[in-house]
Amino acid sequence: MRLRRGLTALAAAVLVLPVAPGAAQADPALPFRDPGLPLAARIDDLLGRLTLDEKISLLHQYQPAIPRLGLNVFKAGTEALHGVAWSNDYHDNSAKVDATATVFPQAVGLASTWDPALITRVGGAVGDELRGFHAQDPTIWGLNAWAPVVNPLRDPRWGRNEEGYSEDPLLSGVIATAYGAGLQGDDPDHLKVAPTLKHYAAYNNETLRDRTSSNVPQRVLNEYDRKPFEIALRNDAATGVMAAYNLINGRPATVDPDLGTLVRDWSERRLFNVSDAWAPTNLTGSQAYYATRAEANAATLQAGLDSFTVDDTNAVPTVTAIRDALARGLITEADVDESAGNALSIRFRLGEFDPDGGPYADIPPSVIDSPAHRALARETAAEAAVLLKNNGMLPLEPGGSVAVVGPTADKLYSDWYGGQLPYRVSILDGITERASTVSTGTGADRIALKDVATGRYVTAGSGSVSLTATTASTAAQFDTVDWGDGVSTLRSVANGRLVGYGWGPFVTQATDPTGWFVQEQFKIEDQGDGTVVLHYVGYETQESWFPDTDYVTVGADGNLTLGTASAATRFTREVLVDGVARAAATAKKAQTAVVVVGTDPFVAGREVHDRTGLGLGARQEALIKAVRAANPRTVVVLQSSYPQTINWAQQHVPGILWTTHAGAETGHAVADVLYGDVNPSGRLTQTWPRSTAQLPDDLLRYDIIKTGQTYLYNSSTPLYAFGHGLSYTTFRYGVPSVRNGRVSVTITNAGKRAGDEVVQLYTHQRTSRDATAIRQLRDFRKIRLNPGQSTTVTFTLEPSDLARWDQTRQRWVVETAVHDVLLGASSGDIRQRATWAVRGETIPARDLSRPTRAETFDDYSGARLLDETKARGTVVGATAVGDWIAFRDARLRGGTTFTARASGSGTVQVRLGSPSGRLLGTATVTGTGGVYDYTTVTATLARFSGRQTVYLLPSPGLRLATFSIG
């Protein structure tokens, strides 16, 4: 049973949803419609008027109308990650409805501004536009926004890298707070939009995401994965969280008990927590955690989720399962009341039940893509751009001849969680407005594919793609772009459409890769004998249900279809136009060359699909090299959603500018920076590695401390450091002062241009019982200075800001230690240092005579964290013989008895000093009957004493919950 939370004296008022035709209006004098009453009283009054069935109906994503009380349909969840993106059509079988709206830079780009005030303005604009859409159709455009994503960007190979903010938990939390505050509006009692933080928690992999368990020790979970959620909720910048798909330490996130306890303790408001799409059915499906939906739904409610996002608009299965759970005594009506009340809480705060609709009720559809929002989008995209390198070539002088080449020079993309662009200003367009003469080229190779067996060419007709042409005519020509990870697209020269599977046979229909299963992706695989085969890599090929037929073959009708690798059709790849050579020739004739390369957000990594590498496509790399050889005055503009290993470009190209896919104003913004109208001020929010060798060998390794991930723990030299970003001016840092909880430093613009500096404050704890970060961001400030101008930046830094998680006592601790106080322009560009002696406490030696939770180990090898019970608790299990957990600095008083609480069957060895050190004894657990059936066992140990490291070696098949030595 969850602890019930209520709000005190909050009168919510915002928008009244239009009543469905024929629906009865409730008596306006009913107490729940009185904005003068406290919010808790209004919720309780409405709950008291609802029948049990009506309350249960509020637990589905689509809350139905209740005409007798004047309640209308309420939809939980509109995607609004960096602009209003899409929702589902309540009237048409939940078809996806895309928003044509202002599209701001992708989330990782928003964070690269390092400008919370700007991001609050962006959130405010998105909130206004969602209100505008809601005014058009509230059943489609619900005011509960599923944004922002605050999962730290632990590993850039994560397919959803573009959706998060930063690898740093503080920066992620601060930007999330800014965006959420903008969405919500500035009224203390009313919501413009109700933002939901995604995805709680420890979620950074897409492959088999609903079946993989994130192995996260307590320190990492508390200091890293939970922290951005905590920051946003403590700052009242969100109205709830969405549970992730994955398991956390063996338990599905959908039933994580944090949702009803820890998460709610971070906010003084009542929260509305939701499931991810279809995740509740994973509990009885792919996760096989519960036998029936009744058990699963009951556990979901009791864990702390309030809304089931499942079965599209059909609430019947959810309602039926909850009714069954009630009948079986798995939950009580009080559980239903709690979640129904949470659901109603944001509806009250959004103003649905207020007479005047509150301060945001009159926002009209005219705000969508307004001139003011276009200007804000341009400003934000320019601030988000990061100048990675500049050997004095930038900014460019207006006029002159410029060659703008590359696959994204004249293309703009949105992404799965972005809206449709209402217009497009490409980078080519932006530069064309500044240069006197512009030439261009995509750099794409134009090829023909000739079937070795028949001599016929792959041909794009009005329908299917077939073997038809006998010559390499226009219909048999395709422009190919290599997007990375070996994945290419093939665009028909005849009709400008991409070759796609379309569930067979192949067709040319899509103008760009899109859809849930992106079906326009191929790997052109060289067979070593002058021929190639086409390996189809649409995302559905990675699903378990897809057959082993993912190579292009030719059907009996001559149309291209799919077959096995052994049956793959052999083609000769005829290069009709060498796109790289042509682009280099174009660049050679111009005074300046701008090479625009990067990614398509739908290709080579996206939701449900991780990356294996971080390199540009091979032909894009070749394009940079060829253009640089042809024209020494070459600038690379990299347009991508994640860090890329552009080592050659960094070494050889004079200027490099990075931007995310930044919306309709991308071209204007990039040109503003390239030509110096905007002095670049963006800073990287992630470390850019030199290669994947600087990353863990497995994307599932979530323990950033043990594996040395992110700038916090990775000691290798990256390509670009966390926080990196250049300016067209220079800044000088004065000698810092550290006293009385303040860190002050004077910054001077020592250059000839006005510019923005992001002053970054880091600390490093010199001594500790445990491994601590190499450096850790504690605060930052973005300042603007004119040439020669100085200002003093002062940060607040208290000892409590330096707290870390002490796993030995399972609480936060500030240790007595000397800290380095580091000030600089990035984590790798520290300009000034000071020291600060902090008086805290010394973590005492472990007392293993007391019951000690196994999960509080100091170190481990191979061990897995698992669920103690389905409801709560974490235990340790081994995956192989020899796996171990270690407890350092244990004060041993000569105890001779080892007591363990464990389940399953197996042994626990107790050793001193190392995993192969002195064997003190072995405890044996015979079969307990099930993994959740625990027993207590004892074993006699050899005598020992002193302060030593104790190693426990549980055998596979055993789960260790607690132990003691006494």
Side-chain angles (χ1 to χ4, degrees), residues 79-86 98-113 119 122 126 147-149 153 156 158-165 374 376-386 388 406-430 442 481 483-484 487 489 511-514 518 595-607 609 611 614 616-617 620 636-644 646 656-673 682 684-686:
E79 302 295 349
L81 184 60
H82 53 110
V84 182
W86 56 268
D98 291 318
T100 299
T102 306
V103 178
F104 292 93
Q106 292 175 309
V108 70
L110 294 178
S112 71
T113 67
I119 302 309
V122 171
V126 176
V149 172
L153 301 179
W158 184 31
R160 302 181 76 165
N161 190 88
E162 67 212 34
E163 297 180 37
Y165 290 132
R374 290 187 176 194
L376 180 60
R378 180 172 181 168
E379 176 187 356
T380 308
E383 271 209 50
V386 180
L388 298 176
T408 63
D410 199 26
K411 290 285 292 183
L412 291 183
Y413 297 99
S414 189
D415 53 52
W416 182 254
Y417 287 102
Q420 299 301 302
L421 302 178
Y423 61 98
R424 287 172 165 79
V425 182
S426 69
I427 294 172
L428 175 62
D429 295 331
T442 65
V481 176
W483 293 107
V487 179
T489 53
T511 56
D512 290 306
T514 189
V518 180
V595 186
V596 188
V597 292
T599 65
D600 182 318
F602 279 85
V603 177
R606 201 208 68 190
E607 185 171 357
H609 180 67
R611 284 172 286 278
L614 299 174
L616 286 171
Q620 293 195 53
V636 167
V637 176
L638 177 61
Q639 192 174 16
S640 71
S641 306
Y642 50 89
Q644 298 201 270
I646 52 169
I656 306 173
L657 182 72
W658 174 73
T659 175
T660 59
H661 297 281
E665 288 288 341
T666 297
H668 281 148
V670 167
D672 288 342
V673 173
L684 297 179
T685 68
Q686 291 178 269

For the pair Val149 and Leu81, evaluate side-chain contact (heavy atoms from CB on, under 4.5 Å) and give the outcome as yes or no after the intermediate values.
CA-CA 7 Å; Val149 172; Leu81 184 60; 3.9 Å; yes
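- Annotation: the span from Gln106 atom CD to Thr659 atom OG1 amounts to 8.5 Å, rounded to 0.5 Å.
- Scanning for side-chain hydrogen bond (donor to acceptor under 3.5 Å, both in side chains) contacts around Thr685 gives an empty result, with sequence neighbours left out.
- Between Leu684 and Leu388, the closest side-chain pair of non-hydrogen atoms falls below 4.5 Å.
- The two residues Gly430 and Val425 make their nearest non-hydrogen contact at N-CG1, 4.3 Å.
- Trp86 places a side-chain N or O within 3.5 Å of a backbone atom of Trp416 that can act as its donor or acceptor partner.
- Note that CG of Asp429 and CG of Leu412 are 7.5 Å apart. Values are rounded to the nearest 0.5 Å.
- Between the side chains of Asp410 and Ser426, a donor-acceptor pair is found at a separation under 3.5 Å.
- For Arg160, the salt bridge (charged side-chain N to carboxylate O under 4.0 Å, His left out) partners at least two apart in sequence or on another chain are Glu163, Glu607.
- By the salt bridge (charged side-chain N to carboxylate O under 4.0 Å, His left out) test, Glu79 is found to be paired with Lys198, residues two or more places apart in sequence or in another chain being considered.
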Apply side-chain contact (heavy atoms from CB on, under 4.5 Å) to residues Val636 and Ile646 and explain how you reach the verdict.
CA-CA 10 Å; Val636 167; Ile646 52 169; 5.8 Å; no
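- Leu110 and Val122 get closest at one heavy-atom pair: CD2-CG1, 4.3 Å.
- Rounded to the nearest 0.5 angstrom, Leu638 CG and Gln644 CD are separated by 5.0 Å.
- Side chains of Asn161 and Pro643 form a contact here, defined as non-hydrogen atoms less than 4.5 Å apart.
- Here the closest non-hydrogen pair linking Thr660 and Pro105 is OG1-CB, 3.7 Å.
- Listed by chain and residue number, Trp688 satisfy the ring pair (Phe, Tyr, Trp, His ring centres under 6.0 Å) test with Trp658 (two or more places apart in sequence, or in another chain).
- To the nearest 0.5 Å, the span separating OH on Tyr642 from OG1 on Thr599 amounts to 5.0 Å.
- Considering only heavy atoms from C-beta on, Asp415 comes within 4.5 Å of His82 through its side chain.
- With sequence neighbours left out, Val518 forms a side-chain contact (heavy atoms from CB on, under 4.5 Å) with Pro513, Glu520, Gln521, Tyr539, Phe602, Arg606.
- Atom OH of Tyr423 is separated from atom CD of Glu665 by 3.5 Å, given to the nearest 0.5 angstrom.
- Note: Ser641 OG to Arg611 CZ = 7.5 Å, rounded to the nearest 0.5 Å.
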Would you please test Val596 and Gln639 for side-chain contact (heavy atoms from CB on, under 4.5 Å) and show each step?
CA-CA 7 Å; Val596 188; Gln639 192 174 16; 4.2 Å; yes
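- In this structure Thr100 satisfies the side-chain contact (heavy atoms from CB on, under 4.5 Å) test together with Gln420, Pro422, sequence neighbours excluded.
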